[in-house]
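The first residue of the sequence shown is numbered 1, and numbering continues consecutively from there.
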Amino acid sequence: MNKGIHIWFSTHVVKECFRTEAGSGPMPHTNEDPTAQQAGVILDPPPPLPPPPQIHLLPPTVAKCKFFKKVAENSDPSTGGCEELKKMIKNRQSRFNGELKWLLYNQYVPSLIQEGPQCGLVALWMAGKLLNLAHEAPLQTIVEAAVSRGYTAQGEMFSAANMAVLAKEVFGCRSELLTGGMDGENKGKILQQLTSGLPVLIPYDEDFNHEPCQREGHRAHWAVISGVLFGVRCGSFSPDPDIPGLCYPSSDSPSLEDLNIQEIYLVAKQGKSLRYQLWEYDCISRSNGQLIHLDPKRSNDGNVYIVPSGGVKAGLCGQIVLFQPKDV
């Protein structure tokens with residue numbers, strides 16, 4: 001037998017025999033300090049850790065909304081302004097037809113970040129800023145009016161007709177509900193409204209980047225349209241000093257009916273972003289005309305929503321709301 005193995009075996013047997021005779025049984029495995037074991041010292045177990053602090057987290061959607069609202073409150077005043085709109089147009093110039101003049105009509109509208117499903121009421125608040133009201137209507141006033149009249153439970157607005165009535169009540173303005181989509185006769189009304197500096201509210205399906213998409217109403221959202229960008233062949237306009245091809249209407253510009261319009265983009269804002277967006281007219285028209293179903297996730301999220309008789313299709317599909325001051 002190997003001498004090293006013999007010494008280890010003898011020592012181990014002696015230790016085990018000694019512990020067995022003392023009534024202690026085989027040597028247990030332990031996590032105690034081996035130095036303390038050799039000295040015959042028994043250490044007390046460490047005290048239990050204190051309970052973790054109670055952290056009350058906001059639901060992710062609410063936390064995100066509050067974050068963006070705080071960003072809005074502390075943002076540069078030029079954010080979402082006309083200079084930013086010009087920069088956006090400049091950055092997208094490569095997408096525009098260089099053979100056209102780009103005629104911009106737009107009225108500045110302030111940004112407001114929604115909390116929860118308030119997109120329609122926030123869009124209505126922004127639209128009110130373009131009506132030159134004698135008395136401002138705060139968002140909370142608009143929300144309380146919508147709730148008290150049974151138009152909404154969570155801030156949602158699934159009825160364009162209710163939106164038109166609500167605007168009359170809180171703004172004291174005139175409103176017109178268009179049905180049947182954004183083309184045909186309605187297209188002329190919408191463009192006339194925007195070239196007159198007045199707002200348009202449009203429900204649509206919102207994509208991940210807030211642009212129009214087609215989800216059959218599952219992503220129903222509201223936007224305020226504050227202006228329009230026309231691609232035209234010719235005409236007498238005031239050129240922008242900084243952006244070649246961009247121009248503005250002048251006193252001797254042709255009327256809307258006489259413009260040789262080739263392309264149309266709408267200038268939009270909505271309650272999930274501070275910034276303007278440019279949307280192709282046909283793109284948002286298609287989105288507006290296919291709002292037919294409530295998102296199944298909303299149907300099963302445990303919250304109450306006010307949906308009109310006939311559902312989303314009856315309340316939003318192909319509908320647009322125009323506003324004018326009473327004295328117009």
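At least one side-chain heavy atom of L139 sits less than 4.5 Å from a side-chain heavy atom of Q118. The shortest side-chain heavy-atom distance between L104 and L229 falls under the 4.5 Å cut-off. For the pair L256 and I261, the minimum side-chain heavy-atom distance is below 4.5 Å. For the pair I190/I225, no side-chain contact is recorded, criterion being any heavy-atom separation below 4.5 Å from C-beta on. Between Q262 and N97 the shortest side-chain heavy-atom distance does not fall below 4.5 Å.
Y105 and L85 fall into different hydrophobic clusters, where Ile, Leu, Val, Met, Phe, Trp and Tyr residues are linked whenever their side-chain heavy atoms come under 4.5 Å apart, directly or through other members. Hydrophobic clustering of Ile, Leu, Val, Met, Phe, Trp and Tyr side chains at less than 4.5 Å, counting indirect connections, keeps L246 apart from F237. Both L112 and F171 belong to a single network of hydrophobic side chains, linked directly or stepwise wherever heavy atoms of I, L, V, M, F, W or Y lie under 4.5 Å apart. A continuous path of Ile, Leu, Val, Met, Phe, Trp and Tyr side chains, each step under 4.5 Å between heavy atoms, connects V109 with V170, placing both in one hydrophobic cluster. I202 and L121 fall into different hydrophobic clusters, where Ile, Leu, Val, Met, Phe, Trp and Tyr residues are linked whenever their side-chain heavy atoms come under 4.5 Å apart, directly or through other members.
Here the shortest heavy-atom pairing between L274 and S111 reads O-OG, 2.5 Å. Considering all non-hydrogen atoms of both residues, N288 and Q319 come closest at ND2-O, 3.1 Å. Taking each heavy atom of S175 and K168 in turn, the nearest pair found is OG-CE, 3.1 Å. In plain terms, the two heavy atoms of K86 and I243 that are nearest each other are O-CD1, 3.2 Å. Contact record, M182 with L266: CE-CD1, 4.1 Å, taken as the closest heavy-atom pair. Closest of all the heavy-atom pairs between Y204 and W222 is CE2-C, 4.0 Å.
Within the 3.5 Å criterion, the main-chain N or O of R215 finds a donor-acceptor partner in the side chain of D205. Under a 3.5 Å cut-off, the side chain of R92 and the backbone N or O of L278 do form a donor-acceptor pair. In this structure, Q154 contributes its side chain and V304 its backbone to a donor-acceptor pair below 3.5 Å. Although no hydrogens or angles enter the test, the distance criterion places a donor-acceptor pair under 3.5 Å between the side chain of N186 and the main chain of T179. Side-chain N or O atoms of R149 include one that pairs as donor or acceptor with a backbone N or O of A145 at under 3.5 Å. Distance alone, capped at 3.5 Å, is enough to place a donor-acceptor pair between the Q290 side chain and the E216 backbone. Using modelled atom types, one side-chain atom of Q277 and one backbone atom of N209 make a donor-acceptor pair closer than 3.5 Å. A donor-acceptor pair under 3.5 Å is absent between the side-chain atoms of S287 and the main chain of Q214, judged by distance alone. Distance alone, capped at 3.5 Å, is enough to place a donor-acceptor pair between the S273 side chain and the R275 backbone.
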Test L100 against R233 for side chain to side chain contact (heavy atoms under 4.5 Å, CB included), laying out the working first.
CA-CA 5 Å; L100 300 178; R233 289 289 181 190; 3.7 Å; yes

Can you check side chain to side chain contact (heavy atoms under 4.5 Å, CB included) on T152 and V147, steps first, answer last?
CA-CA 5 Å; T152 185; V147 171; 3.7 Å; yes

Run the salt bridge (Lys or Arg N to Asp or Glu O under 4.0 Å) check on R298 and E156 step by step: do they pass?
CA-CA 11 Å; R298 286 193 186 275; E156 76 290 349; over 6 Å; no

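Put simply, OH on Y108 and CG on L130 are 10.5 Å apart, with the number rounded to the nearest 0.5 Å. Atom CG of D183 and atom CZ of R286 lie 9.5 Å apart (nearest 0.5 Å). If you take CD on Q193 and CG on L191, they are separated by 10.5 Å, rounding to the nearest 0.5 Å. Distance check, rounded to the nearest 0.5 Å: CD of E136 to CH2 of W125 gives 6.5 Å. Of the inter-residue distances, the one linking L103 atom CG with C247 atom SG reads 5.0 Å to the nearest 0.5 angstrom. A distance of 10.5 Å separates CD1 of I89 from OH of Y276, quoted to the nearest 0.5 Å.
Of the candidates H210, E206, H221, K272 forms a side-chain hydrogen bond (donor to acceptor under 3.5 Å, both in side chains) with just one, namely E206. With respect to Y265, the ring-ring contact (aromatic ring centres under 6.0 Å, His included) criterion is satisfied by exactly one of W279, F96, F230: F96. Tested against F323, the residues V200, V224, L201 include a single side chain to side chain contact (heavy atoms under 4.5 Å, CB included) partner, L201.
Classified by interplanar angle (parallel below 30°, tilted 30° to 60°, perpendicular above 60°), the ring pair H293/H218 is tilted. Using cut-offs of 30° and 60° on the angle between ring planes, the pair F158 and Y305 is perpendicular.
Taking the ring axis of Y281 as reference, the NZ or CZ atom of K187 stays within 45° of it and closer than 6.0 Å to the ring centre.
Counting heavy atoms of neighbouring residues, nucleotides and ligands inside a 6.0 Å radius, atom NZ of K101 exceeds 12 of them. Atom NZ of K129 has more than 12 neighbouring heavy atoms from other residues, nucleotides or ligands inside a 6.0 Å radius.
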